[in-house]
Structures are given as C-alpha cells and as structure tokens.
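Please read the structure below before turning to the comments.
Computed over heavy atoms, backbone and side chain alike; hydrogens, waters and symmetry mates excluded.
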Amino acid sequence: MSEKYIVGVDMGTSSVRAGIYKLDGHCVSFGVTEYKTYFPQPGWAEQKADDWWNGLKNSMAVALEKSGVDKEDIIAIGYDVTACTVMLCREDGEPLRDCLLWMDVRSAKEAAEIAATGDPALKFNGFGNVSAEWMPCKALWLKRHDTENYNKADYVCECADWLTHKLTGRWTINMSNIAARWYYDARCGGFPRSLYKAIGLEDVLDKFPKDIHNLGDNLGTLTPQAAADLGLSEKTIVAQGGPDAYIGCFGLGVIKPGKVALITGSSHLLMAQTDVFNYSKNGVFGPFPGGTRPEYGMIEGGQTSSGSIVSWFKNNFCQDLKDREGGIYGELNREAAKIKPGSDGLIVCDWWQGNRTPYTDGSIRGNIYGLSLGHTQAHLFRACMEGVAYGTENICQSFRDAGIEVNEICMGGGTTNSDLFMQIHADISNVTVNVPEDPQSCALGSAILASVGAGVYKDVDEAVAHMVRYSKVIKPNAENHEVYKKYFAQYRKVYDLMKDWMHDTTALAE
C-alpha cells in the first residue's frame, strides 16, 4: 500500500500557502502564492475572492509538483483563513462585492453603537468597546452603505464559509468563527437575537448559513470542479476549517488549559484555552465557548497590525537594501541587532489599523516618538519590532489580570523567521518562547484537522501527539528586560494621554 498524505491550506492576509504533509506531521512540500490587498480609504481593507481561489490553485499545483505525490494518495484537506473577513454572496457562491478584510475598521461608528446597547452578549468583549473588525459591525455597515448588494445577498458570511462552499458545494459555518466574532453562545442559546434586533440587524440572522460544525468535522469530499481546479482526487475528504489563528493553536500544541499560544504574521493573536467561564472588564476577549474545542473556552487578545507594520516599513523605506546579503530583512536584522534595547529613545505605538485589545479602538492610528537626526533605518526597524512587542506585552498584562499565567509562550508564524524579533518578545514580556519544529503552525493545524476529519486519528489530542514537535527555546535576557520595563511603562501611558487627540485627528481623514 502506498503512503498516504494530507493537505493543510493556510489562506492568510498576504498569501495562500498549501502544504502536503505526511501523517506524522512532517511537511513534504509547500506552495505559496501572494495576492493583493486594496486600501481604498484609511482604515479600509478589501480583497477579491477570485484572487484567493486562483492563488490556492497555483499554490496547490506548486506543492504537488515539488512533492511528486500521486493525488490519489492525498486523503484529506483542511484549511484556515483570515477572520473576520466578511462577504456578501449569492446561493451559488458568487460574491456580490469585494470582501471586507478582517483588518478593515471602517465600521468604527457601528461598533460604538453596538457597544452602547449594553446587551449581555457584550460579555465576550469584556463589556467594553466593540471591535470594528467583528461581524455585526461590518454587516451593519454593509446594510447601511451597500444596501443594494446587502439586500441581494443570499448569504452574509465569512471567507471560511465561502471556501467551504467552493470546496464542497455546501454552506456551513464553523463554531470558532461564530463564537469568536459573531457573538454566538453555545452555552446560552446561540445567537443573541436581542443584540441583533437592538441595532436593526435582526434580518442578517436569516442570511447566515444554518449548518454549524466544529473544527475538523468531516464535510464530505471535494466537488468535481474543486478537485479538477486543485489537481486532487474527488475522493479527497474536506475537514471543516475556520479562523487561522485558532487553528494555529493545534499546530502549536496549545489544545488544553495551561499553555499560551502566540500566532504571528500580519497580525498577532495571543490565545489560551480555559475551562473557567468568567467575564469581566479586563481588556481581553472571551472566553468563547467552543472556540477551538467543544469542551473549552478560548480567551484571546490581539494586535490588528504587527508583522504588517514591519512589512510596511521594509516595503516603503528600505528598497535600497534589496541587494544586500540575505535581502532587505537580512540586512535590517543584522544592523538592528547592534542597537541597544529601546532604539536610542524611539517608541512605536502599533496602531496602524487601530487597536484590537486591550483598548478595542478602531479610531486610533500608529505613531513614532523620539525621532532625531541620529536615527537610522536600523533604529526604526528595531523600534517597529519593539513597538509590536510592547503591544503583545500589553495583552499579556490583560491575560494576567484575567487570571491566566503567562510565563511561557508557544510561538508560530512569521516572527519565528527572525531570532532578533523573538528575543525582543522574550525580553519585553520576560517569558520563554517555545518554537515548534514546523513554524507554519496554521498550515500544520489545518493538516491536523484534516487527519482527524479523515479518521486517521480519533481526536485532536492523538493527532497533536503524533504531529507536533518543538525545536527551539528562546530565554529572556534579564538585563534587557529591566531596560524594556521603563520603555513599556511609557508606551502604556500613550493611549490615555492621546486618545482624544487621535480620535479627532483620525476623523479629519474620514
């Protein structure tokens, strides 16, 4: 009998990655295809569904060619996508407009209105501000400002739901998305109709797909068209996918209480499983019942912009370094490593697209303080990484306030490509950083779900035990941490000192 394989698809913010994995979690091959994000106005972000599918087709073709694997030996496919990436679709899956990408915060006004309802469902965002990224905010904006397409839509859904339909022909929604971004409460009756009614959005409940599944559920097999497009067999089983960071927890081995996951990339998301369902004003989201597993809740905090800030700086201000050894990032990392913690007085606030937690404010923007004529590209590069890490530590503080210990972090994603960036995180938060053997934690997590959906393993516990391994440990530097404590204290003062000024200034561009 020939060896069997599974596919993990990671449809991220800037690219779609398709990995072919052995059943023990070892990656055989990878295909990566980038696509474009459109920014029509400040705070807006859109993508095209055709770009996702064309990218997936290309990535899958590359992975298959590299692997030499026979398509008949690929038994299942799992997938993760960005969330909350909102779409308006026809019954046949045709999008009526470009999606509102997860980082789109144009619905800040709607978010404020939702927060003002005081509905009990607001426990999921700590009874505080509501994130403009979430489904009700974006759906309400679409209803108000793209009324024609909203009324035409058979489904108001997310990228995950559209991709499920594209792969299987079925319309489903997954428990992770609806618990973490749509206010669905599996412990207390499902969707909070009172909240949706209070904001004039009760009709959207009829536009949500009705078939709810947990991550990893077997959804059947690929449609003939999907199989042909992806170069796979029509016998390939499709496992229910969902939010990239949540599925990344499986790839990091963070599947029970006691561990903390940090998924990095264009954004950062810090997550922990819990079996205690307490809700208070502590600057975190959740716990979301069934966020990844039916028996646990997921607590989370996140940064809307993190790796995207570093990419923004590299793409806009460092093209003169592209011919250096290791490319732009190689040169920047080498030079930034020579600079002392604190970047000679620079503090970057990581709010390029607003703040997800702990402030949950879509109307603030990023800033850089302390610039002098002596600062260089390397100073600014290091300061951007430090600013992202300050934002992560701000979330760690909220976790600690909520009773979640944060002494060790399991980190996956783009940040693991830079030892300097990981060390800065370890030093600022005074934590040990554990890095898995496969840093593509989201793709591996999707492969883990594929293995469970196909019945290779009886559950995610068994799958993770066979498929996840760690390869690197980063310890904090005590001396650096003492320096960073002072800079972080200054970072924490900025929001309260400047939020009103930032709100007024942001409004000038709207």
Side-chain angles (χ1 to χ4, degrees), residues 9 11 76-91 93 102 119-121 123-124 134-136 138-139 153-197 201-221 223 237-247 249-250 255 271 273 277 285-298 300 445-446 448-450 452-455 459-460:
V9 170
M11 191 173 283
I77 183 171
Y79 55 95
D80 66 81
V81 301
T82 58
C84 184
T85 293
V86 174
M87 306 178 69
L88 302 178
C89 291
R90 294 281 201 183
E91 176 70 41
W102 64 270
D119 192 272
K123 67 183 181 182
F124 289 125
W134 287 19
M135 169 61 86
K138 287 175 174 169
D154 295 304
Y155 291 102
V156 176
C157 62
E158 289 205 36
C159 173
D161 315 319
W162 173 87
L163 183 56
T164 301
H165 184 269
K166 196 77 173 174
L167 293 170
T168 68
R170 297 178 59 183
W171 282 106
T172 73
I173 47 179
N174 66 85
M175 183 63 75
S176 287
N177 269 348
I178 62 177
R181 298 292 181 266
W182 302 18
Y183 288 99
Y184 187 92
D185 190 344
R187 293 161 57 92
C188 298
F191 286 111
R193 189 167 291 274
S194 61
L195 173 64
Y196 283 89
K197 184 176 182 179
L201 197 59
E202 193 172 13
D203 61 323
V204 80
L205 298 175
D206 294 325
K207 293 176 178 285
F208 289 162
K210 302 297 186 293
D211 192 7
I212 301 173
H213 284 270
N214 291 315
L215 297 179
D217 282 359
N218 184 329
L219 298 181
T221 56
T223 67
I237 292 168
V238 179
Q240 176 68 65
D244 47 9
Y246 278 40
I247 290 175
C249 286
F250 296 115
I255 56 173
M271 294 162 291
Q273 307 277 9
F277 292 85
F285 293 156
F288 302 114
T292 51
R293 307 182 66 179
E295 61 266 44
Y296 297 126
M298 178 66 82
E300 76 165 78
S446 291
I448 288 169
L449 293 180
V452 174
D459 54 29
V460 292

So, does Ser446 use its side chain to make a donor-acceptor pair with the main chain of Asp80 at under 3.5 Å? yes
Discussion item. Using the rule given for side chain to side chain contact (heavy atoms under 4.5 Å, CB included), can you reason through Asp154 versus Trp171, listing the C-alpha separation, both sets of side-chain angles and the distance that settles it, and then say yes or no?
Written reply: CA-CA 11 Å; Asp154 295 304; Trp171 282 106; over 6 Å; no
Do Trp182 and Cys84 have side chains that approach each other closer than 4.5 Å (heavy atoms only, starting at C-beta)? yes
What do the steps show when you test Val156 against Met135 for side chain to side chain contact (heavy atoms under 4.5 Å, CB included), and what is the final call?
CA-CA 9 Å; Val156 176; Met135 169 61 86; 4.0 Å; yes
Under 30°, 30 to 60°, or over 60°: which ring-plane class applies to Phe208 and Tyr196, parallel, tilted or perpendicular?
perpendicular
In this structure, OG of Ser176 is separated from CZ of Phe288 (nearest 0.5 Å) by 10.5 Å
Practice problem: Indicate yes or no for a side-chain donor-acceptor contact from Lys138 to the backbone of Trp102 under 3.5 Å, with no hydrogens or angles considered. | Solution: yes
For this session: Apply side chain to side chain contact (heavy atoms under 4.5 Å, CB included) to the pair Phe250 and Arg293, showing each step before the final yes or no.
Result: CA-CA 10 Å; Phe250 296 115; Arg293 307 182 66 179; 4.3 Å; yes
Under 3.5 Å, is there a donor-acceptor pair between the side chain of Asn177 and the main chain of Asn174?
-> no
Q. Would you say the ring centroid of Phe285 lies under 6.0 angstrom from that of Trp134?
A. yes
- Is there a side-chain contact between Tyr184 and Met175, using heavy atoms and a 4.5 Å cut-off? yes
CG of Asn218 to NE2 of His213, rounded to nearest 0.5 Å, is 9.5 Å
Taken to the nearest 0.5 Å, the spacing of Ile173 CD1 from Tyr155 OH works out to 10.5 Å
> Would you say Phe124 and Pro289 make side-chain contact, with heavy atoms under 4.5 Å?
Replying inline: yes
Looking only at heavy atoms, the pair that brings Leu219 and Gln240 closest together is CD1-OE1, 3.4 Å
Rounded to the nearest 0.5 Å, the CG atom of Leu163 sits from the OG1 atom of Thr172 at a distance of 10.0 Å
Here the pair of heavy atoms bringing Cys249 nearest to Met271 is SG-CE, 3.6 Å
Closest non-hydrogen contact found for Cys188 with Lys123 is SG-NZ, 4.2 Å
query = Is any side-chain heavy atom of Met298 less than 4.5 Å from a side-chain heavy atom of Gln273?
reply = yes
May I have the step-by-step check of side chain to side chain contact (heavy atoms under 4.5 Å, CB included) for Tyr79 and Thr164, ending in yes or no? CA-CA 9 Å; Tyr79 55 95; Thr164 301; 2.4 Å; yes
One should read off an interatomic distance between Thr85 OG1 and Asp161 CG, to the nearest 0.5 angstrom, of 11.0 Å
Check: Would a 4.5 Å heavy-atom cut-off, applied to side chains only, mark Val460 and Leu449 as touching?
Finding: yes
In short, Leu195 meets Ala121 closest at the heavy-atom pair CD2-CB, 4.1 Å
Query raised in the report: Okay, side chain of Thr292, backbone of Tyr246: is any donor-acceptor separation there less than 3.5 Å?
Result: no
Smallest heavy-atom separation, Asn214 atom then Pro294 atom, equals ND2-CG, 3.7 Å
Closest heavy-atom pair, Leu201 versus Ala139, reported as atoms and distance to 0.1 Å, is CD2-CB, 3.9 Å
